[in-house]
**Q** 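Input: one structure, supplied below.
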Amino acid sequence: MEVTGEIGEIREAVSLARQRGCRIGCVPTMGALHSGHLSLIEECRKRVDYVLVTIFVNPTQFGEGEDLSNYPRPLEADLAACEKSGVDAVYAPEIASLYPPGFETWVEVDEMSKILEGECRPVHFRGVTTIVAKLFNIVQPVVACFGAKDYQQQALIRQMVRDLNMPVDVVVCPTIREADGLALSSRNQYLSPEQRQTALCLSQALELANEALQGGEKDIAAVEKQMLKHLNSFDDVQPDYAVIRDPDSLKELQEPQPEMVALISTFVGQTRLIDNRRISLR
Ligand code: PAF
């Protein structure tokens, strides 16, 4: 497995693989790899001959007071997990090589990056789309895999790829959950055992929304209220939002439609967690 933080070296490795006839796939990550990331690697492997994982805790997607400095960085364990999963190359650059002095070009999806997560975390999506565009430019993959757990992120990346005619197939892979329903996240490790239990309120609230809409509830606002009521019934929980939206545009809905997505973001203690669930009435 090739491991480098140098742009020149990773380009060389990818170019040699391409010359051998390999299709290049990329799994962008911020490290702290868990089974969710491994499922992305596995899915990518099914579609290409050469799987490249990027590990980079991207500073531009963290706002002031967020967990950039505490974000877990277990590089040795991550490399071992990649090796074990049959990854061909890991690109793990330093901040200065991707954001050198004088850096001032940003990629931003206009409207969708300002709602929901974007409203709560104003610089977040500009940082995400910029780094993903840069990684695509460096690696030039034909396939890139992202998790459905970061629902708005994958929707924005698909929009960016469409709008900027990037020649990459964005594959969105299902959220991996613990047996009790908690969506896997690198941030789960911040939770105390009690908070870990409380955090089940996210998947429970999503289930309530699903049941209500499947059961014929026509009032979207009432379903959103029901989710919030459930979240607010826990002491240590402070929701940012719990909403039902159009699954592509993430715009508000006046009434149920055949395909929807329920999205939640909430603090459990000091840890901000997100989760979502597609709801189909077809
Ligand atoms: O989902 C993540 O881990 C990050 O937001 C990503 C896509 C790797 C960009 O830094």
Side-chain angles (χ1 to χ4, degrees), residues 5 7 10 25-41 43-44 51-63 66-75 77-79 81-82 85 87 89-95 97-99 103 105-109 112-113 116-118 120-139 141 143-161 164 166 168-176 183-190 263 265 271-276:
I7 296 180
I10 200 66
C26 179
V27 180
T29 81
M30 297 208 298
L33 303 182
H34 51 62
S35 323
H37 296 109
L38 302 185
S39 75
L40 302 182
I41 293 171
E43 189 55 47
C44 197
V51 176
L52 188 154
V53 171
T54 70
I55 299 180
F56 180 63
V57 181
N58 174 37
T60 63
Q61 67 188 74
F62 289 79
E66 291 188 16
D67 56 347
L68 174 61
S69 56
N70 301 334
Y71 197 85
R73 292 169 171 83
L75 186 59
D78 286 346
L79 293 178
C82 288
S85 307
V87 167
V90 173
Y91 173 49
E94 296 294 330
I95 292 176
S97 94
L98 289 185
Y99 296 110
F103 177 90
T105 302
W106 299 96
V107 179
E108 191 165 14
V109 175
M112 204 198 289
S113 70
L116 300 171
E117 283 301 283
C120 304
R121 307 179 67 189
V123 298
H124 177 62
F125 285 127
R126 180 181 88 153
V128 170
T129 39
T130 300
I131 195 64
V132 171
K134 281 169 72 71
L135 294 171
F136 284 178
N137 281 338
I138 292 167
V139 175
V143 167
C145 294
F146 295 88
K149 187 184 141 285
D150 294 300
Y151 193 92
Q152 193 172 358
Q153 168 172 284
Q154 60 78 28
L156 276 152
I157 290 170
R158 287 189 295 117
Q159 176 87 37
M160 170 185 81
V161 162
L164 298 183
M166 294 175 164
V168 51
D169 183 11
V170 174
V171 175
V172 180
C173 307
T175 303
I176 305 294
L184 294 196
S185 161
S186 307
R187 291 193 167 101
N188 290 351
Q189 58 190 280
Y190 301 150
L263 300 141
S265 163
T271 307
R272 192 161 180 283
L273 298 177
I274 55 173
D275 200 356
N276 67 81

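All values derive from a computational prediction rather than experimental measurement. Just follow the structure's listing: the first ligand is 1, and inside any ligand the first atom is 1.
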**Q** Short list, please: which atoms of ligand 1 are under 4.0 Å from a heavy atom of Pro28?
**A** 8 (C)

**Q** Can you name the nearest heavy-atom pair linking Gly127 to Asn58, along with the distance?
**A**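 Smallest interatomic distance, heavy atoms only, reads O-ND2, 3.1 Å.
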
**Q** Which of the numbered atoms in ligand 1 are under 4.0 angstrom from any heavy atom belonging to Thr29?
**A** 8 (C)

**Q** Check each heavy atom of Thr54 against ligand 1 and say whether those closer than 4.0 Å belong to the side chain, the backbone, both or neither.
**A** neither

**Q** Going by the order shown, which atoms of ligand 1 are within less than 4.0 Å of some heavy atom of Ile131?
**A** 9 (C), 10 (O)

**Q** Please report the closest heavy-atom contact between Ile274 and Ser265, naming both atoms and the distance.
**A**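 That would be CG2-CB, 3.8 Å.
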
**Q** So which of Val128, Thr130, Thr129, Val132 actually passes side chain to side chain contact (heavy atoms under 4.5 Å, CB included) with Gln61?
**A**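 Considering Val128, Thr130, Thr129, Val132, a side chain to side chain contact (heavy atoms under 4.5 Å, CB included) with Gln61 is found only for Val128.
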
**Q** Students should be able to answer this: which protein heavy-atom is nearest to atom 5 (O) of ligand 1, and at what distance?
**A** Gln153 OE1, 2.7 Å

**Q** Salt bridge (charged side-chain N to carboxylate O under 4.0 Å, His left out): which pairs involve residues 121-131, sequence neighbours left out?
**A** Glu66-Arg121

**Q** Among all the protein's non-hydrogen atoms, which is closest to atom 9 (C) of ligand 1, and how far away is it?
**A**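 Residue, atom and distance for the closest contact: Gln61 OE1, 3.3 Å.
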
**Q** List for me each residue that meets ring pair (Phe, Tyr, Trp, His ring centres under 6.0 Å) alongside Tyr99, sequence neighbours excluded, and say none if there are none.
**A** Phe103

